Amino acid sequence: MRGRSRIQELPMSRANWLVKSEEEVYSIRHLERDGITSWEGVRNFEARNLMRDEMKVGDEVLFYHSNAKPAGVAGLARISREGYPDSFAFDAESPYFDPKSDPTQPRWFMVDLQFVEAFPEVVSLERIKSHPGLTGMVLLRRSRLSVQPVSEREFTIIRELGRGS
DNA sequence: GCCAACGTTGGC
DNA sequence: GCCAACGTTGGC
């Protein structure tokens with residue numbers, strides 16, 4: 001090894017994410033009540049890949065209310081368990097049942113989310129659209145992706161807006 | 001409730 | 001492997 005440097009393991013930097021939920025189905029208040037919840041029912045391959053492969057314990061998550069007035073980021077959560085098979089897909093009684101998924105070869109995955117905080121005021125989609133620092137958000141370009149990456153800068157801006165500072 | 005956007009399915 | 005049809009998401 002003399003004369004060669006080994007590549008060092010860099011400390012893992014924390015990633016940031018955004019997840020969407022219909023407000024009347026499961027809101028930030030539901031998460032506050034539950035403390036931790038499993039994030040089942042995501043049936044999109046790109047979102048599945050993020051949950052299965054990329055989301056790590058401790059990563060911070062913007063909790064977005066869709067079908068809401070106004071739609072927007074309502075609070076913060078944290079990943080408390082990394083990707084594991086979405087067992088709701090195996091349950092014929094579940095609305096999330098998918099006959100193409102089975103326990104030996106699960107098609108869908110979920111993570112667990114832990115409540116962090118509810119913002120005093122929702123950071124509305126309108127406000128996000130009009131903020132110069134947020135124009136690059138995946139949220140604004142991929143309207144139907146319900147689990148998506150957020151940059152550190154975007155995350156910080158929205159957290160500050162949400163906290164009312 | 002409408003409808004545009006867009007991911008997925010399935011015929012060829 | 002293309003692409004039209006279909007179904008769903010999600011803002012308004």
Side-chain angles (χ1 to χ4, degrees), chain A residues 15-34 37-55 59-79 82-113 115-151 153-155 157-164:
Chain A
N16 303 285
W17 309 97
L18 179 149
V19 301
K20 296 181 190 171
S21 183
E22 294 187 48
E23 186 180 25
E24 66 274 24
V25 175
Y26 196 88
S27 71
I28 191 74
R29 294 300 173 189
H30 290 103
L31 183 60
E32 183 174 29
R33 175 199 66 199
D34 294 343
T37 194
S38 54
W39 207 248
E40 69 273 9
V42 175
R43 298 292 178 263
N44 168 284
F45 291 106
E46 193 172 347
R48 186 278 311 270
N49 292 346
L50 294 175
M51 292 200 296
R52 187 188 59 191
D53 306 330
E54 305 294 336
M55 291 174 135
D59 286 358
E60 296 192 275
V61 179
L62 301 174
F63 194 105
Y64 182 92
H65 287 171
S66 59
N67 279 320
K69 294 176 185 174
V73 177
L76 302 181
R78 181 178 292 120
I79 304 296
E82 289 168 17
Y84 62 105
D86 181 343
S87 53
F88 292 77
F90 313 143
D91 176 5
E93 303 298 308
S94 168
Y96 301 128
F97 177 62
D98 181 353
K100 291 177 183 167
S101 190
D102 74 83
T104 63
Q105 197 109 18
R107 170 185 271 230
W108 303 115
F109 285 73
M110 56 188 175
V111 296
D112 285 355
L113 292 184
F115 176 78
V116 174
E117 67 185 80
F119 291 151
E121 191 175 350
V122 169
V123 181
S124 69
L125 179 60
E126 186 182 17
R127 199 161 180 207
I128 291 170
K129 283 178 177 169
S130 67
H131 193 294
L134 300 176
T135 54
M137 281 193 78
V138 175
L139 181 70
L140 304 181
R141 293 178 288 116
R142 305 284 312 281
S143 63
R144 298 184 49 188
L145 190 61
S146 68
V147 174
Q148 54 183 255
V150 172
S151 76
R153 174 169 153 75
E154 292 159 353
F155 182 88
I157 291 170
I158 289 183
R159 187 182 56 204
E160 295 314 304
L161 292 174
R163 287 174 173 171

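Because only heavy atoms are used, hydrogens play no part in the values below, and waters and symmetry mates are left out as well, while side chains stay in. As the structure is a prediction and not an experimental result, all values here were calculated from the model. Reminder, nothing fancy here: chain letters follow the sequence lines and each chain counts from 1.
Partners of A:S38 according to the side chain to side chain contact (heavy atoms under 4.5 Å, CB included) rule, which considers only residues two or more places apart in sequence or in another chain, are A:E40, A:Y84, A:F88, A:M110, A:D112. Judged as a side chain to side chain contact (heavy atoms under 4.5 Å, CB included), and not counting sequence neighbours, the contacts of A:V138 are A:R141, A:R142, A:L145, A:Q148, A:P149. Partners of A:N49 under the side chain to side chain contact (heavy atoms under 4.5 Å, CB included) rule, at least two apart in sequence or in another chain, are A:R52, A:D53. Under the side chain to side chain contact (heavy atoms under 4.5 Å, CB included) criterion, A:A74 pairs with A:I28, A:H65, A:V122, sequence neighbours left out. Evaluation of the side-chain hydrogen bond (donor to acceptor under 3.5 Å, both in side chains) rule for A:H131 yields no partner, not counting sequence neighbours. The salt bridge (charged side-chain N to carboxylate O under 4.0 Å, His left out) test applied to A:E126 returns no partner, not counting sequence neighbours. Applying the salt bridge (charged side-chain N to carboxylate O under 4.0 Å, His left out) rule to A:E117 yields the partners A:R163; only residues at least two apart in sequence or on another chain are considered. Take A:R29 and apply the side-chain hydrogen bond (donor to acceptor under 3.5 Å, both in side chains) test, not counting sequence neighbours, and it matches A:E32.
Residues from residues 95-105 of chain A placing a heavy atom under 4.0 Å of any atom in DNA chain B, listed by number, are A:K100. The stretch residues 39-47 of chain A touches DNA chain B through A:N44, A:F45, each having a heavy atom within less than 4.0 Å of the strand.
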(request) Between protein and nucleotides 2-12 of chain C, map the contacts as a letter string: B base, S sugar-phosphate only, - none, heavy atoms under 4.0 Å, written 5' to 3'. (result) -----BBBBBS

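Annotation: salt bridge (Lys or Arg N to Asp or Glu O under 4.0 Å) contacts involving residues 64-79 of chain A, sequence neighbours excluded, are absent.
Within 6.0 Å of CD on A:Q105 lie no more than 12 heavy atoms contributed by other residues, nucleotides or ligands.
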